[in-house]
Amino acid sequence: MKPPTFRQKRRYLLVRTLPPWRELDSKVIHSAVLEAATSLWGDGIAGVMQPVVVCVGSGFFIARCTRGEDDRLATAISTVTSVGGRTMAFRTIARSGTILALRRRIARMPLRWEEFVLEAGGEALMAVRYSGEKIDLIEEGIKKKKLLFFTDKESEEV
Amino acid sequence: MRFTDACIHPYPDGDSSLRRMSIECRELGYDSAVALADRIPQDIPIEILKGHLLQGDTMKALVASARRVPQGCLLMVEAGDYALNRAIVRMKGIQIVRGAWRVSPNAIDHIVARFAAERGIAFDIELAPLVKLRGISRQKVLQRYRELLMYSRRTGCRLTISTGARSILEQRGVREATLLCSLFGMTRSEVLDALAAPGEMLRERDDVRVVEGT
């Protein structure tokens, strides 16, 4: 390990994943972030940025980059539209020089959800409720699943 | 300053309901959004402005489409070729010209921009192509937006920023909009002005009253 004066300064980004209930592997997230960074900024800047996914939880992950490159990494992260072939969105919600500060922030995040079956028009749909009123409906198609994003009120109408 | 997402497409155009999209908008730092929706439900957490996109490739079709516009809507139109754009910016009631990234490089020039500036018409900067496209296609979009920014700085024509989202997964926040717009050289204050533009446009329109002479 390098002595402190030789170590490179880092910045950490706390990123929320949407939909939060979807299980993600750190390798898949890392390759999505790296692809977005390389595509947007090119190999040269992506190399200087050194984007790494440090830890992955349910509904969030922490990414790391060199200090001064966090704006570029946040921009690249905002251009991720699919992860492992599934449509997703990443939203940077906090940045810090230490992971500890971000872990404190994670403790305040609402990261609980419940799965249930919703009866709609004689059909049973899988649904996930989180953040109070948000409801994601999972429609099973012949070839693939389709997601619909509603709230409590609209799901009653469905 | 009130920040407005200048265009969202809720269900059934997209996969997310208007109420859900408005909750996301609030979490992302917006105070209001322009929705291309027929019906706006009650008890929405942010202010929703009703938008109407005129359909048609020719001026004749656009004029015909403009006759059926409901009252109080923010009127938008898709940019087309140069001749159409020159006609659009002279058309009565148009407030936002969208899709500037799709048109050819010469379809919008300083003359079109000057007309737009005189009539208070804004050009929309849609974030969706910056997010979704990759490679040369994205570079072309950045080029168009850089040109629009130059025209805006020189002629004073307004810019608006929209996510063009059809899903909550396509919505981007105020901070992300600032970062994405910095890709083509837009400063933070310019981004904030552009985000505030739709609200100002509606307020200005409502302020104007025709007073009949005695």
**Request:** Inspect the surroundings of CZ in B:Arg114 and state if more than 12 heavy atoms from other residues, nucleotides or ligands are less than 6.0 Å away.
**Result:** no
**Prompt:** What do you reckon, is CZ of A:Phe6 surrounded by more than 12 foreign heavy atoms closer than 6.0 Å?
**Reply:** no
**Prompt:** Are the side chains of B:Glu170 and A:Thr87 in touch, meaning some heavy atoms are under 4.5 Å apart?
**Reply:** no
**Request:** Below 4.5 Å from any heavy atom of chain A, which atoms of B:Thr178 appear? Answer side chain, backbone, both or neither.
**Result:** neither
**Message:** If you define the side chain from C-beta out and look only at heavy atoms, does anything of B:Ser17 sit under 4.5 Å from A:Lys153?
**Reply:** no
**Asked** What are the two closest non-hydrogen atoms of B:Leu183 and A:Leu40, and how far apart are they?
**Response** CD1-CD1, 3.8 Å
**Item:** Non-hydrogen side-chain atoms of A:Pro19 and B:Leu169 separated by less than 4.5 Å
**Value:** yes
**Prompt:** Can you tell me if NZ on B:Lys140 sees more than 12 non-hydrogen neighbours from other groups inside 6.0 Å?
**Reply:** no
**Over 12 foreign heavy atoms within 6.0 Å of CZ, B:Arg119** = yes
**Closest non-hydrogen atom pair between B:Leu179 and A:Arg95, with its separation** = CD1-NH2, 3.9 Å
**Fill in**
Counting heavy-atom pairs under 4.5 angstrom with chain A, the leader among B:Leu18, B:Asp43, B:Leu127 is B:Asp43
**Item:** Sub-4.5 Å side-chain heavy-atom contact between A:Phe150 and B:Arg20
**Value:** no
**Asked** For B:Arg154, does the CZ atom have more than 12 heavy-atom neighbours from other residues, nucleotides or ligands under 6.0 Å away?
**Response** no
**Prompt:** Tell me, do B:Glu27 and A:Arg16 make a side-chain contact under 4.5 Å, heavy atoms counted?
**Reply:** yes
**Message:** Is it the case that over 12 heavy atoms from other parts of the model lie below 6.0 angstrom from the CZ atom of A:Arg67?
**Reply:** no
**Asked** Is the number of heavy atoms from other residues, nucleotides or ligands under 6.0 Å of B:Arg134 CZ greater than 12?
**Response** yes
**Item:** Pairwise side-chain contact, B:Glu24 with A:Arg91, heavy-atom cut-off 4.5 Å (strictly under)
**Value:** yes
**Request:** Please tell me if the side chains of B:Ile23 and A:Phe149 come closer than 4.5 Å, counting only heavy atoms from C-beta onward.
**Result:** no
**Region of B:Leu130 in contact with chain A, defined by heavy-atom distances below 4.5 Å** = backbone
**Message:** Heavy-atom cut-off 4.5 Å, strictly under: side chain, backbone, both or neither for A:Glu139 against chain B?
**Reply:** neither
**Message:** At a heavy-atom distance under 4.5 Å, which candidate from B:Leu180, B:Leu133, B:Ile168 has the highest pair count against chain A?
**Reply:** B:Ile168
**Item:** Top contributor to chain A contacts, counting heavy-atom pairs under 4.5 Å, from B:Lys132, B:Arg138, B:Gln139
**Value:** B:Arg138
**Prompt:** Out of A:Ser131, A:Ala89, A:Ser78, which one racks up the most heavy-atom pairs below 4.5 Å with chain B?
**Reply:** A:Ser78
**Asked** Is it the case that more than 12 heavy atoms not belonging to A:Phe60 sit under 6.0 Å from its CZ atom?
**Response** yes
**Message:** Minimum heavy-atom separation for A:Thr92 and B:Glu176, please, with both atom names.
**Reply:** N-OE2, 3.9 Å
